[in-house]
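So the structure is just underneath, and the comments pick up after that.
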Number of protein chains: 2
Amino acid sequence: MDAIDLSLVDLLRSNARLSYAELARQVGLSAPAVHERVGKLESSGVVRGYRADVEPEAIGLGVTALIGIVEDSGADSDDMLESLRVLPEIESCYFMAGVESFLLKARVGTIAELEQLIVRLNRTPGVASTRTAIALSTKWENRPQPVGPSPA
Amino acid sequence: MDAIDLSLVDLLRSNARLSYAELARQVGLSAPAVHERVGKLESSGVVRGYRADVEPEAIGLGVTALIGIVEDSGADSDDMLESLRVLPEIESCYFMAGVESFLLKARVGTIAELEQLIVRLNRTPGVASTRTAIALSTKWENRPQPVGPSPA
DNA sequence: ACTCTCCGTGGACGCCATCGACCTGAGCCT
DNA sequence: AGGCTCAGGTCGATGGCGTCCACGGAGAGT
């Protein structure tokens, strides 16, 4: 993980479809060298994948909610995690410090679907209670913060 | 936005570096047709960009926090938004229903940096108070939920 | 029926991805 | 010091891909 790797990561975080040739020009190496470096970043797990960033409303996911979950005392967090993992609406899942053990970001199409999701969550073994906050609008999301040296 | 567009979006959400040729094979069109469709999805704003999904710890961003912000009565939300937007640590920003007008997801390297961020936030005009919850671990994040027809 | 438009196909051409062979410098052992 | 070894780079070649263009068919409107 040297400065060139950081630059590559930065470049790919801002545009994952850059060609190896273009990456090579940006960092001052040859295309095969960049190809090998990116391959290593992928297989070492630094780069987990490449995602298109899609306007959620356009694909029928206009409702965003953040849901805190309080666990039953004595509940098994791992079992709960498995129950949460199978719910596709839960896009993100954080294990938190505080009363609420988990915080979920969920995305659904309608308020009715959100209601169903909350009901399902409250029925899940180990869940003592949930607290839902609805996002009225998303100002921005997953903005990549530059981390490398300032653009080489 | 027909079924083929949805498939393309799904494919690109799970792997943004698929070639047009490969996309074409998956959806049963020719490469130029796919090229044009994806171009339209981009220029119409359905596809906002392509991001590499990077392990945050690997780039020195090991601390994730969620911060709720209560606004001063009479504060101008737009001015506040501009103040928030310039803070690179704030990866996501939602305008919420409830007492806390904004919910931020911030990522920093150390607890000390988080402290600085919180201090800065509390000094920002229009901010009445903040409430910070620290994520002990991220179980998963930005998992794309399939939305199209089941894989054609 | 004619035509306009949209959206696709097929062909062509230059660039890119990717492989293999070779080069160079750092570190280390004898 | 000399030389081995390995990591990590460049260079060159080739097959596939991206992308431009001209062309064609289906459906709607007049």
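A, B, ... follow the sequence lines: proteins, then strands. Residue 1 opens every chain.
- Shown are B/Glu55, B/Glu141, B/Glu89; of these, the salt bridge (charged side-chain N to carboxylate O under 4.0 Å, His left out) with B/Arg107 is made only by B/Glu141.
- In this structure the side chain of A/Phe102 reaches within 4.5 angstrom of the side chain of A/Ser77, judged on heavy atoms.
- Checking B/Asn142 against A/Asn142 by side-chain atom types alone, a donor-acceptor pair falls below 3.5 Å.
- For DNA chain D, the span of nucleotides reached by chain B at under 4.0 Å from its heavy atoms goes, 5' to 3', from D/dC17 to D/dC20.
- Contact annotation: A/His35 side-chain N/O to C/dT18 OP1/OP2 distance is under 4.0 Å.
- Computed from coordinates, the B/Asp5 CG to C/dG8 P distance equals 8 Å when rounded to whole Å.
- Counting to the nearest Å, the C1' atom of C/dA17 and the CG atom of B/Leu18 are 15 Å from each other.
- Closest approach to the B/Pro32 side chain among C/dG8, C/dC16, C/dG11 is made by C/dG11 (side chain taken as heavy atoms from C-beta onward).
- Under a hydrophobic clustering in which Ile, Leu, Val, Met, Phe, Trp and Tyr are joined whenever their side-chain heavy atoms come within less than 4.5 Å, directly or via other members, B/Leu29 and B/Leu11 fall into the same cluster.
- Among residues two or more places apart in sequence or in another chain, the salt bridge (charged side-chain N to carboxylate O under 4.0 Å, His left out) test is passed with B/Arg13 by none.
- Among the protein residues, A/Ser30 comes within range of the nucleic acid bases, having at least one heavy atom under 4.0 Å from a base atom.
- In this structure, the nucleotide among C/dC19, C/dG8, C/dC16 sitting nearest to the side chain of B/Arg37 is C/dG8.
- Take the nearest nucleotide of DNA chain C for B/Ile4 and for B/Arg17: the residue whose nucleotide is more 5' is B/Ile4.
- To the nearest angstrom, C1' of C/dC7 lies 7 Å from CD of B/Glu36.
- Salt-bridge annotation for B/Glu115 and B/Arg120: absent, with no side-chain N of the basic residue lying under 4.0 Å from a carboxylate O of the acidic one.
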